[in-house]
Amino acid sequence: MRTRKDLLGLEDLTREEILEVLDTAESMLEILERPIKKVPTLRGITVANLFFEPSTRTRVSFELAEKRLSADSVNFQSTGSSVSKGETLKDTARNIEAMRVDMVVIRHGSAGAPHFLGRNLQAGVINAGDGAHEHPTQGLLDLFTVRRHLGRVEGLRVALLGDIAHSRVARSNLWGLRKLGASVVVCGPATLLPAEVERLGVEVAPTVEEAVDGADVVNVLRLQLERQTSSLIPSIREYARLFGLTRERLALAKPTALVMHPGPMNRGVEIAHDVADGTRSVILDQVTNGVAVRMAVLYLLLAEKRSEAGTALERTA
């Protein structure tokens, strides 16, 4: 990671790079437990957060990660900006870069938008979710959460339930889990599974019961109606009945199994209330770990910039 300018997806990362992020995040989590949750590591660095889609956890998490590391951050909203006047993504980003920004964090509805910026900007680019493609920092924080609770990722059986076809979280999880040696089983309506999903190296279970049976981790994905161009399920009620994670279905997993969800949750649809709030749920831990993982990513990608900023600060001191 230290030699990279951008984080665009887990498909591109090696096993060693993923482990480097997870190990670094352990140190960052320790910072978050201190009475004063701030270090001067990225002092003098400027990060622009460009969010073209709604976000709560990811946006706030990146903002907190930047502040905890003492970076200066600028938050961009497409509503009310020059984008609404017809300015292109490239021109918007290059104008922001011209203000001497060191890193751009972008969420965009079009798959490949962060890759496009990565090719056209000297500043680093972090993908905070692009269409239905990838969400690498969510995948990393999920891996981090699993490793902290179960001590390892290798050899675990992980079930991904729900809308696999439209989930960028699913793709990042698939790449990361397989690279760290976990086996992955997916389950959802046939209309919500990618074509030839088996080619991704996963098992496809026809029912939730079969997917959850013996699982070490059950990661429930949101039904993403906003990304569907047509009605792909008969009804929400039928989806909940056939594919929702209930307490009875969770009982088929291992007694130590974790329940995860990237949020936001549709309670009573893909996950029951008592499961989301149950003793096996680590959903809020995922949120906490998200700040630590994003701190780690910023720290590693900005290694060279950190050194340059530190030297410049020393000269002006």
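Positions are given from 1, in the same order as the sequence printed here.
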*Look at the side chain of Asp163 and the backbone N and O of His166, then say whether any donor-acceptor pair between them is shorter than 3.5 Å.*
yes
*Between the side chain of Gln138 and the main-chain N/O of His135, is any donor-acceptor distance below 3.5 Å?*
no
Residue pair [X] / [Y]: nearest heavy atoms and the distance that separates them:
X      : Y     : value
Glu154 : Arg15 : OE1-NH2, 3.9 Å
Leu13  : Met1  : CD2-SD, 4.0 Å
Arg107 : Ser55 : NH1-CB, 3.4 Å

*If you measure only the distance, is there a donor-acceptor pair under 3.5 Å linking the side chains of Asp285 and Thr288?*
no
When you compare the side chain of [Y] with that of [X], does any pair of heavy atoms fall below 4.5 Å?
X      : Y      : answer
Ile31  : Leu29  : no
Val104 : Leu121 : yes
Ile126 : Asp6   : no
Leu223 : Phe243 : no
Pro136 : Val297 : no
Asp102 : Leu302 : yes
Asp72  : Val47  : no
Met260 : Val282 : yes

_If we check side-chain hydrogen bond (donor to acceptor under 3.5 Å, both in side chains) with Asp142, which of these qualifies: Gln286, Arg147, His261?_
Gln286
*So which of Glu53, Glu11, Glu134 actually passes salt bridge (Lys or Arg N to Asp or Glu O under 4.0 Å) with Arg168?*
Glu53
_Run Ser73 and Glu63 through side chain to side chain donor-acceptor pair (under 3.5 Å) and show every step you take._
CA-CA 7 Å; Ser73 59; Glu63 289 177 20; over 6 Å; no
_So if I apply the side-chain contact (heavy atoms from CB on, under 4.5 Å) rule between Val218 and each of Leu252, Leu250, Leu258, which one comes out positive?_
Leu250
*Approximate separation, where rounding is to 0.5 Å, of Leu192 CG and Leu161 CG*: 12.5 Å
_Interatomic distance, Leu177 atom CG to Arg157 atom CZ [nearest 0.5 angstrom]_ = 12.5 Å
*Is the charged tip of Arg294 near the ring of Phe62: under 6.0 Å from the six-membered ring centre and within 45° of its axis?*
yes
*For the pair Glu209 and Arg249, find out whether any cationic side-chain nitrogen is under 4.0 Å from an anionic carboxylate oxygen.*
yes
